[in-house]
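Computed over heavy atoms, backbone and side chain alike; hydrogens, waters and symmetry mates excluded.
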Amino acid sequence: MLRWLIGGGREPQGSAEKSSVQTIGEEQIQNPYTELLVLKGHQDIVRFLVQIDDCRFASAGDDGIVFLWNAQTGEKLYELHGHTHKITAIAPFSSSDVTEEKTDFIITASADRTVIVWDCASGRQVQKVSCFHSTVKCLTVLQRLNVWLSGGSDLCVWNQNLDLLCKTSHLTDAGISALVELPKNCVAAAVGKELIIFRLSASNNGSEVWNILEVKRLVDHQDNISSLISVNDLTFVTGSYIGELIVWDALDWTKQASECNFWDSSVHPDVQTEIKLSQSPHESSVQHLTSDDECVFAAVGKGIYVYNLQMKRVIACQRTAHDSSVLHIEKLPNRQLISCSEDGSVRIWELREKQQLPAEPVPTGFFNMWGFGRANKQANQAAKKMQENTPVYFLDLVGDLIGHSSAVQMFLYFGELGLATCSADHLIILWKDGERESSLRSLTLFQKLAQNGDLQLKL
């Protein structure tokens, strides 16, 4: 484990390589992360980080190894071996016994077609299942029902002892790519271009007999679904590889709002070329979605977009937030966002209100935003009047964290303990608040001096 003090700032690009990405100087007064800890152990790409509690997290990736870490000190707590191929999914969950003592576990799935449950307190392997016919690509814990789901070529329902309760028939060779819990004991599964809604039901006679029933298929996407999130009990959102986004009602599974791939001139020949987001579908892929109570935050190609659920429109965007595709985005408790990218950078943004000036308008094509098709003239006039009377926001770059040498896959935010990032460079970095760390070191030093003084007085 290495500790570095950093000044921040992005290394300048070569004169022959120009970028439209916003830059920030060395003086990043709103960026608290001026120290970092480099955590080594993985031997291949680190793709997953999951939070276990307020000060512990797990990492996993293509080497098939799971590590448990202390987020405060960077100490390696356990190194878990059990898989023979890369990790494809990971999920934390907790269980309480009759004494109501909480025990933390993590579940991992691998390309070796096994799933393992690990005890986070001891690092031991609790249970292993090897009965899968294909790789499990996603895991979801339904804490309320005390079961968890695995998605591959079929959907399986398990209890916490890894007893198979029920499963669907073979769905597709491509497999389920994402799962999300919905109200009324339902789940939504992304299977290629389709969303399949399943309902879980348990037997009323007290036995652990469960059924899983397919209740609806939603076929609105034109390309494979790349991201699926639950916003709240009323709404969930999907995104696809060609830039489609759909807002769904979580109770009746109807489409509430949508945006088609306006970047594609063959679909919308009337769209002017200058407002196209990109020239290739890859650059318009919805890589990641997250949300809070008010907004959905979308990582689309190299950009990030902020969509207000109540206004039903994008309120801010950065079309080129990074030099390469944005892989992960999260909203912090304050008005800040963090994004990470294939370019190896981690960037901090602040959502700010601005005067309605023609600085960087929200694009009128892609994310125009999410109405119900072509609006009539009266609706357009109403929407224009609403936009004139509503605030305009922008995303201001306030921090640029340069430490990884390859694509940053994702990150975890630990509040005052800092930020954990993982990368294709096999490393995990803990980014620390320099002022806080300095204060803690000073406090520790003063305590030691006081203890030594008391000891000398006693002598």
Side-chain angles (χ1 to χ4, degrees), residues 1-4 33 35-94 104-112 114-126 128 135-141 287-288 290 327-330 338-342 344-346 401 403-415 417-432:
M1 180 178 66
L2 302 176
R3 180 185 294 272
W4 294 348
Y33 303 114
E35 293 189 20
L36 59 83
L37 298 173
V38 180
L39 311 185
K40 296 182 177 181
H42 282 285
Q43 302 165 17
D44 209 327
I45 299 174
V46 190
R47 297 189 185 273
F48 303 103
L49 300 174
V50 294
Q51 186 168 349
I52 299 169
D53 54 28
D54 290 341
C55 62
R56 291 182 300 167
F57 69 97
S59 62
D62 288 5
D63 58 8
I65 307 171
V66 182
F67 288 92
L68 269 58
W69 306 91
N70 183 305
Q72 169 62 46
T73 64
E75 176 189 1
K76 185 192 301 180
L77 303 174
Y78 293 106
E79 182 174 334
L80 312 179
H81 293 264
H83 292 295
T84 58
H85 291 75
K86 67 179 182 180
I87 306 293
T88 55
I90 183 170
F93 75 96
S94 59
D104 295 308
F105 300 93
I106 53 174
I107 314 172
T108 54
S110 168
D112 62 12
T114 65
V115 167
I116 299 177
V117 176
W118 309 88
D119 186 330
C120 297
S122 63
R124 67 181 181 89
Q125 186 180 123
V126 178
K128 184 174 184 177
T135 298
V136 172
K137 296 182 178 180
C138 51
L139 297 165
T140 298
V141 177
Q287 302 286 354
H288 188 240
T290 190
L327 300 181
H328 195 83
I329 184 172
E330 290 292 343
I338 299 183
S339 59
C340 65
S341 167
E342 286 181 345
S345 69
V346 181
L401 308 182
H404 288 290
S405 61
S406 192
V408 181
Q409 302 292 319
M410 66 170 297
F411 54 85
L412 288 177
Y413 176 68
F414 280 94
L417 296 186
L419 186 73
T421 58
C422 65
S423 170
D425 62 11
H426 309 178
L427 300 177
I428 297 166
I429 294 180
L430 289 181
W431 304 86
K432 295 290 188 178

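Residues satisfying the side chain to side chain contact (heavy atoms under 4.5 Å, CB included) criterion with Ser406, sequence neighbours excluded, are Ser423, Ala424, Asp425. Scanning for side chain to side chain donor-acceptor pair (under 3.5 Å) contacts around Thr114 gives His83, Asp112, with sequence neighbours left out. Residues passing the side chain to side chain contact (heavy atoms under 4.5 Å, CB included) test with Ala89 are Ala109, Leu139, sequence neighbours excluded. The ring pair (Phe, Tyr, Trp, His ring centres under 6.0 Å) test applied to Phe414 returns Phe57, not counting sequence neighbours. Judged as a side chain to side chain donor-acceptor pair (under 3.5 Å), and not counting sequence neighbours, Gln125 has no contacts. A search for side chain to side chain contact (heavy atoms under 4.5 Å, CB included) contacts involving His426 returns Asp44, not counting sequence neighbours. Checked against ring pair (Phe, Tyr, Trp, His ring centres under 6.0 Å), Phe105 has the following partners two or more places apart in sequence or in another chain: Phe93. Judged as a ring pair (Phe, Tyr, Trp, His ring centres under 6.0 Å), and not counting sequence neighbours, His404 has no contacts. Under the side chain to side chain contact (heavy atoms under 4.5 Å, CB included) criterion, Glu79 pairs with Ile65, Phe67, Lys76, His81, sequence neighbours left out. Judged as a side chain to side chain donor-acceptor pair (under 3.5 Å), and not counting sequence neighbours, the contacts of Arg47 are Asp62. Under the rule for a side chain to side chain donor-acceptor pair (under 3.5 Å), Gln409 has no partner lying at least two apart in sequence or in another chain.
Contact detail for Val408 and Cys340: the closest heavy-atom pair is O-SG, 3.4 Å. Listed here is the closest heavy atom pair of Ile52 and Cys120: CD1-SG, 3.8 Å. Closest heavy-atom contact between Thr135 and Ser110: CG2-O, 3.7 Å. When all heavy atoms of Leu430 and Ala420 are compared, the closest pair comes out as CD2-CB, 3.6 Å. Of all non-hydrogen atoms in Val136 and Thr88, the two that sit nearest each other are O-OG1, 2.5 Å.
Atom CG of residue Leu427 and atom CD1 of residue Ile45 lie 12.5 Å apart, to the nearest 0.5 angstrom. Expressed to the nearest 0.5 Å, how far NE2 of His42 lies from SG of Cys422 amounts to 8.0 Å. For the atom pair CH2 (Trp69) and SG (Cys55), the distance works out to 15.0 Å, reported to the nearest 0.5 Å. Annotation: the span from Glu330 atom CD to Tyr413 atom OH amounts to 12.0 Å, rounded to 0.5 Å. One distance of note links OG of Ser345 with CG of Leu401; it measures 8.5 Å at 0.5 Å rounding. Rounding to the nearest 0.5 Å gives a distance of 11.0 Å between NZ of Lys432 and CG of Leu36.
You'll find the side chain of Val346 reaches within 4.5 Å of the side chain of Ile338, heavy atoms only. Residues Leu412 and Leu419 have side chains not in contact (no heavy-atom distance under 4.5 Å, counting atoms from C-beta outward). Side chains of Leu39 and Ile429 form no contact here, defined as non-hydrogen atoms less than 4.5 Å apart. Between Leu417 and Asp54 there is no side-chain heavy-atom pair separated by less than 4.5 Å.
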